[in-house]
Amino acid sequence: MTRRRAIAVLGGRPGNAGADTLLLAEMIGKELAQRGYGLVSGGEGGVAAAANRGCQAVGGDTLALLKWNRLADAEEGTTWALPTSMDLARSNILNWCGDGMIAFEGRYGTLTEIALALDTGRPLLVLGNHPFLTAEALAAPMCRVVPDPRPEDAAKLVDLLETLIAAGEQASVRPGAAIVEDDQVDASGIGLRRAIPEDLELFRRTFADADVQAWRALEPTDGVLSRFQHERCLVMLERNRPVGFLEYRTEADPEFAHIQIEALAVSDAADRGREIGTRALRLFAESVFAADGHRITAAPHCDNGAAVRCLEKAGFRQVGRMRAYERHHSTWRDALLMDLVPSDLADGPSTPPQTAAEHE
């Protein structure tokens, strides 16, 4: 059975949103229902009531996540009401229950819900001006701002949200799922830290490079590249200058303590061949093994000599060939299986990694 899609609506209660905003919310509620979406809101009147009214006018379904435990708090036009008894913590449920989110005019409650959506990388369409939020705060990969939306543009606005949703469909990474410390730096000045929104330009530059595209074909657009904004993507630094990134995943069963390198790239051609990737891999491996990790694997394309040499210099060994392992455009390609265990670290143990503060 196919899951019904839903959109979460954020916005002011009665008195916190103007007449134009309420008309816009009603038109967007109608447009969402016509496309088969359900509508989820806090169900407290104002924007929520207007969006519900539009949604139900064309046969759509609405869900109200109520702050308290009173079913009677649900607005007319609510299909289902869920009393949460959670007060402001209800916003966390609202944040995760929709495929995407639309924020209308509101006050402090709306601002906190926008901030939560930005912090968690949810597909978010912000409509109108929110004076307490700066342009820098809203410049997130999965967020778009329309400062002067019009009710007659409801279809175009939902189109924009659907573009964000399509770009952001990816496997989620659980909060706190990082395996290694993200502020490590070695004696030579090579460091690793978790990817942040400001690194988007680094990812654009990396995947616009022809050499990178030859092995990992991704469109260098904000929506696609936002997939790297998670706990297990580490940016490589050379004396605090971002030069590339390393993405990894873990075995689902913690008893295996197995880490897989998903991507490793140095962004600029001028920085390649300088063993930055090798040193970053060693630093990463030392952190993994210090955290009781047992084994790290990688699967470079068989013909990607630069990647294979980088891994081998870090101590990885070739242990097999995996046929038709990955799809590149329309072609299945073989890959090498390479692995590293603590005894394999090249040239013996290196200087223990420092935190960034210790290095400074």
Would Val308 and Leu336 count as a side-chain contact (heavy atoms from CB on, under 4.5 Å) if you check the C-alpha gap in whole Å, the side-chain angles of each, and the deciding distance to 0.1 Å?
-> CA-CA 9 Å; Val308 173; Leu336 293 176; 3.8 Å; yes
Candidate pair Leu157 and Leu24, rule side-chain contact (heavy atoms from CB on, under 4.5 Å), full reasoning | CA-CA 10 Å; Leu157 295 171; Leu24 176 65; 4.0 Å; yes
Show your reasoning for whether side-chain contact (heavy atoms from CB on, under 4.5 Å) applies to Trp215 and Glu326.
-> CA-CA 10 Å; Trp215 309 111; Glu326 64 176 0; 6.0 Å; no
Decide side-chain contact (heavy atoms from CB on, under 4.5 Å) for Arg35 and Asp159; before the verdict, give the C-alpha distance in whole Å, the side-chain angles of both, and the deciding distance to 0.1 Å.
-> CA-CA 10 Å; Arg35 300 191 190 199; Asp159 285 344; 2.7 Å; yes
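Residues Leu127 and Leu125 share a closest heavy-atom pair of CD2-CG, 3.8 Å. What you find for Ala48 and Glu44 is that their closest heavy atoms are CB-N, 4.0 Å. Here the closest heavy-atom approach between residue Ala64 and residue Thr78 is recorded as CB-CG2, 3.8 Å. Of all non-hydrogen atoms in Gly60 and Ala33, the two that sit nearest each other are CA-CB, 3.8 Å. Residues Pro123 and Leu161 share a closest heavy-atom pair of O-CD1, 4.1 Å. Between Arg193 and Pro242, the shortest heavy-atom distance links the atoms NH2-CG, 4.0 Å.
Side-chain contact between Cys55 and Leu32: absent, with no pair of heavy atoms (C-beta onward) separated by less than 4.5 Å. Using a 4.5 Å heavy-atom threshold, the side chains of Leu340 and Leu345 count as touching. In this structure, Met101 and Glu113 have side chains that are not in contact, with every pair of non-hydrogen atoms separated by 4.5 Å or more. Proximity of Asp61 to Trp80: side-chain heavy atoms (C-beta onward) are separated by under 4.5 Å at one or more points. Between Leu337 and Tyr325, the closest side-chain pair of non-hydrogen atoms is not below 4.5 Å. Considering only heavy atoms from C-beta on, Thr79 comes within 4.5 Å of Gln56 through its side chain. Side-chain contact between Cys233 and Phe203: present, with at least one pair of heavy atoms (C-beta onward) separated by less than 4.5 Å. With a 4.5 Å cut-off on side-chain heavy atoms, Val47 and Leu22 count as touching.
Ion pairing between Asp344 and Arg317 holds under the 4.0 Å rule for side-chain N and carboxylate O. Under 4.0 Å is where a charged nitrogen must lie from a carboxylate oxygen, and between Asp199 and Arg194 no such pair does. Using a 4.0 Å cut-off between charged nitrogen and carboxylate oxygen, Arg204 and Glu201 count as a salt-bridge pair. Salt-bridge annotation for Lys30 and Glu26: absent, with no side-chain N of the basic residue lying under 4.0 Å from a carboxylate O of the acidic one.
Atom CG of Leu264 sits about 12.0 Å away from atom CD of Glu262, to the nearest 0.5 Å. Interatomic distance, CZ of Arg70 versus OG of Ser85, reported as 9.0 Å (0.5 Å rounding). Atoms CD1 and CE, from Ile165 and Met142 in turn, are 8.0 Å apart once rounded to the nearest 0.5 Å. Here CZ of Phe284 is found 4.5 Å from CD1 of Ile261. Values are rounded to the nearest 0.5 Å. Asp99 CG to Leu164 CG: the interatomic distance, rounded to the nearest 0.5 Å, is 12.5 Å. For the atom pair SG of Cys143 and CG of Leu118, the computed distance is 5.0 Å after rounding to the nearest 0.5 Å.
Remark: side-chain polar atoms of Arg282 are paired, donor with acceptor, to backbone N or O of Lys313 under 3.5 angstrom. A distance-only check finds no donor-acceptor pair linking the side chain of Asp87 to the backbone of Lys67 [under 3.5 Å]. Judged purely by atom type and a 3.5 angstrom limit, Arg122 has no side-chain atom pairing as donor or acceptor with the backbone of Leu116. Formation of a donor-acceptor pair under 3.5 Å by the Arg239 side chain with backbone atoms of Ser188 is found in this model. Between the side chain of Thr278 and the main chain of Ala314, no donor-acceptor pair closer than 3.5 Å is present. Side-chain N or O atoms of Thr297 include none that pairs as donor or acceptor with a backbone N or O of Asp339 at under 3.5 Å. At least one donor-acceptor pair closer than 3.5 Å links the side chain of Asp209 to the backbone N or O of Asp211. Under a 3.5 Å cut-off, the side chain of Glu75 and the backbone N or O of Gly45 do form a donor-acceptor pair. A side-chain donor-acceptor contact under 3.5 Å links His301 to the backbone of Asp303. For the pair Ser267 (side chain) and Thr206 (backbone), a donor-acceptor distance under 3.5 Å is absent.
Ile114 is connected to Leu65 through a chain of hydrophobic side-chain contacts under 4.5 Å among Ile, Leu, Val, Met, Phe, Trp and Tyr, so both are in one cluster. Residues Ile93 and Leu88 fall into different hydrophobic clusters, defined by Ile, Leu, Val, Met, Phe, Trp and Tyr side chains chained together at heavy-atom separations under 4.5 Å. Linking ILVMFWY side-chain heavy atoms closer than 4.5 Å, directly or via other members, places Phe104 and Leu111 in two distinct hydrophobic clusters. Placement of Tyr37 and Val58 in two distinct hydrophobic clusters is found when ILVMFWY residues are connected by side-chain heavy-atom separations under 4.5 Å, directly or transitively. Following chains of ILVMFWY side-chain contacts shorter than 4.5 Å, one cannot reach Leu124 starting from Leu160, and the two form parts of different hydrophobic clusters.
Within 6.0 Å of CZ on Arg241 lie more than 12 heavy atoms contributed by other residues, nucleotides or ligands. Asp20 CG: 12 or fewer foreign heavy atoms inside a 6.0 Å radius. Enclosure of atom CZ in Arg272 by more than 12 non-hydrogen atoms of other residues, nucleotides or ligands within 6.0 angstrom is indicated.
In summary, the side chains of Arg232 and Tyr248 do not present any donor paired with an acceptor at a separation below 3.5 Å, with no hydrogens or angles considered.
Using bins of under 30°, 30° to 60° and over 60° for the plane-to-plane angle, the ring pair Phe245/Phe207 lands in the tilted bin.
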